[in-house]
Amino acid sequence: MGERAGSWLFPKRCPVTSAVVPQAGVLSPEGWSKLTFVADPSCQGCGVPFAKGEGAMPLCAACAGPETSIRNLIGRRKLDKARASLVYDSVSAKLVLSLKYADRHDIGVALGELLPPAIDRLDLDRSAILVPIPLHPKRLRSRRYNQSLVLARGAARLTGHAVAPELLKRTKPTAQQKGRGFEARFRNLSGAFEASLEVAGRDIILVDDVLTSGATLIAAARALRRAGAKTISAVTAARVVPNAKDPDIDLPEL
């Protein structure tokens with residue numbers, strides 16, 4: 001693969017270990033070894049990895065519970081499936097937060113290139129469309145780029161899936177989710193998205209940086225369902241996993 005777009009703007013150092021690397025955004029071998037990938041056995045619905053000894057059932061407790069439960073990400077008015085590449089821990093947090101708040105979109109390319117195995121686990125064909133979670137225009141102007149779009153483009157280069165950011169818009173300027181409780185996150189995102197009728201009959205893969213409560217993905221999925229999407233799955237660079245918090249660090253809130 002050729003030089004990454006704009007990579008000359010960023011330091012040619014591994015964003016995890018600071019070791020010198022051939023180009024910006026590339027991880028060193030030691031950096032790779034520090035990543036914690038989401039692995040099987042995992043829930044067939046939301047993709048959360050099971051703790052040791054918990055892999056006998058196909059679904060986690062949340063997905064096996066009532067569809068109306070706020071902690072259930074899967075259902076007729078929610079997602080069909082969700083998968084993630086990395087466990088959100090002290091290492092992946094450093095990458096995600098640098099992408100999201102420090103203008104390091106070269107890291108977004110690297111994280112996007114970790115998404116194909118997670119996308120493959122969704123079992124969808126190449127006609128499925130990658131739709132990045134959009135920012136509201138006001139936030140996009142201040143941030144200058146959409147980190148989810150950077151991730152989607154990185155994944156598209158390796159998978160052949162089309163990227164269609166124009167199919168989903170954020171019409172409500174919601175407050176940041178940081179510091180909000182589980183239920184408050186869902187209330188905050190209610191009615192925040194609007195989908196194009198061009199999604200009718202199509203398989204959609206939502207792309208975002210981190211799955212925390214799932215409020216953003218579910219709000220987007222509801223808009224897509226109203227517009228007639230056939231199926232709606234989600235893939236994220238990382239996800240918060242219950243009881244997987246790094247004991248040596250207080251993970252920063254997103």
Side-chain angles (χ1 to χ4, degrees), residues 45-47 62-63 66-84 100 112 115 118-119 122 124-125 127-143 145-153 155-156 161-178 180-240 254:
C46 73
C63 289
E67 187 181 311
T68 54
S69 169
I70 197 170
R71 294 186 181 274
N72 190 336
L73 304 181
I74 309 302
R76 289 171 296 173
R77 300 184 66 242
K78 300 181 180 181
L79 299 166
D80 291 294
K81 292 181 183 178
R83 298 292 185 267
K100 198 163 186 172
L115 290 179
I119 292 172
L122 293 171
L124 296 169
D125 62 35
S127 65
I129 306 169
L130 299 175
V131 176
I133 292 292
L135 297 176
H136 186 269
K138 183 177 179 180
R139 186 162 296 167
L140 181 59
R141 284 194 295 272
S142 64
R143 189 171 290 175
Y145 66 95
N146 179 359
Q147 73 276 4
S148 297
L149 178 56
V150 175
L151 291 170
R153 286 173 172 163
H161 287 284
V163 181
E166 72 280 0
L167 296 182
L168 187 66
K169 298 186 184 301
R170 198 165 192 145
T171 56
K172 178 182 171 183
T174 54
Q176 293 224 5
Q177 295 283 68
K178 182 177 179 180
R180 293 176 182 269
F182 202 89
E183 294 187 7
R185 286 175 178 250
F186 282 82
R187 289 194 299 271
N188 186 43
L189 270 296
S190 178
F193 298 100
E194 181 179 295
S196 166
L197 294 178
E198 292 182 28
V199 305
R202 308 297 298 270
D203 293 315
I204 303 298
I205 304 173
L206 288 167
V207 181
D208 205 4
D209 47 15
V210 180
L211 193 164
T212 49
S213 66
T216 300
L217 293 170
I218 288 176
R222 287 175 175 166
L224 290 162
R225 290 202 187 279
R226 288 193 296 270
K230 180 182 175 183
T231 67
I232 304 153
S233 302
V235 66
T236 59
R239 71 166 294 156
V240 174
L254 295 166

Trainee: Do you see a donor-acceptor pair shorter than 3.5 Å between the side chains of Asp80 and Ser233?
Mentor: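 Distance-only check fails for Asp80 and Ser233.
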Trainee: Could you go through Leu168 and Leu206, starting from their C-alpha distance and side-chain angles, then the distance that decides it, and tell me whether this counts as side-chain contact (heavy atoms from CB on, under 4.5 Å)?
Mentor: CA-CA 10 Å; Leu168 187 66; Leu206 288 167; 3.9 Å; yes
Trainee: Step by step, work out the side-chain contact (heavy atoms from CB on, under 4.5 Å) result for Val210 and Thr236.
Mentor: CA-CA 6 Å; Val210 180; Thr236 59; 5.8 Å; no
Trainee: Is a donor on one side and an acceptor on the other found under 3.5 Å between the side chain of Asn146 and the backbone of Ile133?
Mentor: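 Yes; at least one donor-acceptor contact below 3.5 Å.
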Trainee: Stepwise, does the side-chain contact (heavy atoms from CB on, under 4.5 Å) test hold for Leu115 with Arg83?
Mentor: CA-CA 9 Å; Leu115 290 179; Arg83 298 292 185 267; over 6 Å; no
Trainee: First locate atom CG of Leu124, then atom CG of Leu130, and finally report the distance between them rounded to the nearest 0.5 Å.
Mentor: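 So the CG of Leu124 and the CG of Leu130 are separated by 10.0 Å.
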Trainee: Rounded at 0.5 Å granularity, tell me how far NE2 in His136 sits from CZ in Arg141.
Mentor: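 It is 8.0 Å, given to the nearest 0.5 Å.
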Trainee: Output yes when a side-chain donor or acceptor of Lys78 lies under 3.5 Å from a complementary backbone atom of Asn72, and no otherwise.
Mentor: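 Yes.
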Trainee: Kindly say whether Arg76 contributes a backbone atom to a donor-acceptor pair with the side chain of Glu67 at under 3.5 angstrom?
Mentor: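 Judged by distance alone, yes, a pair lies under 3.5 Å.
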Trainee: For Thr231 and Asp203, which I'm curious about, is there any donor-acceptor pair between the side chains at under 3.5 Å?
Mentor: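 Distance-only check passes for Thr231 and Asp203.
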Trainee: Can you tell which of Leu79, Val199, Ile218 makes a side-chain contact (heavy atoms from CB on, under 4.5 Å) with Ile232?
Mentor: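 Output: one option passes, namely Leu79.
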Trainee: Closer than 3.5 angstrom, by distance alone: can the side chain of Arg153 be matched with the main-chain N or O of Val163 as a donor-acceptor pair?
Mentor: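 Absent.
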Trainee: Does the pair Leu217 and Leu73 meet the rule for a side-chain contact (heavy atoms from CB on, under 4.5 Å), with working shown?
Mentor: CA-CA 9 Å; Leu217 293 170; Leu73 304 181; over 6 Å; no
Trainee: Do you know the tightest heavy-atom contact between Ala223 and Phe193?
Mentor: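 The pair with the smallest heavy-atom distance is CB-O, 3.6 Å.
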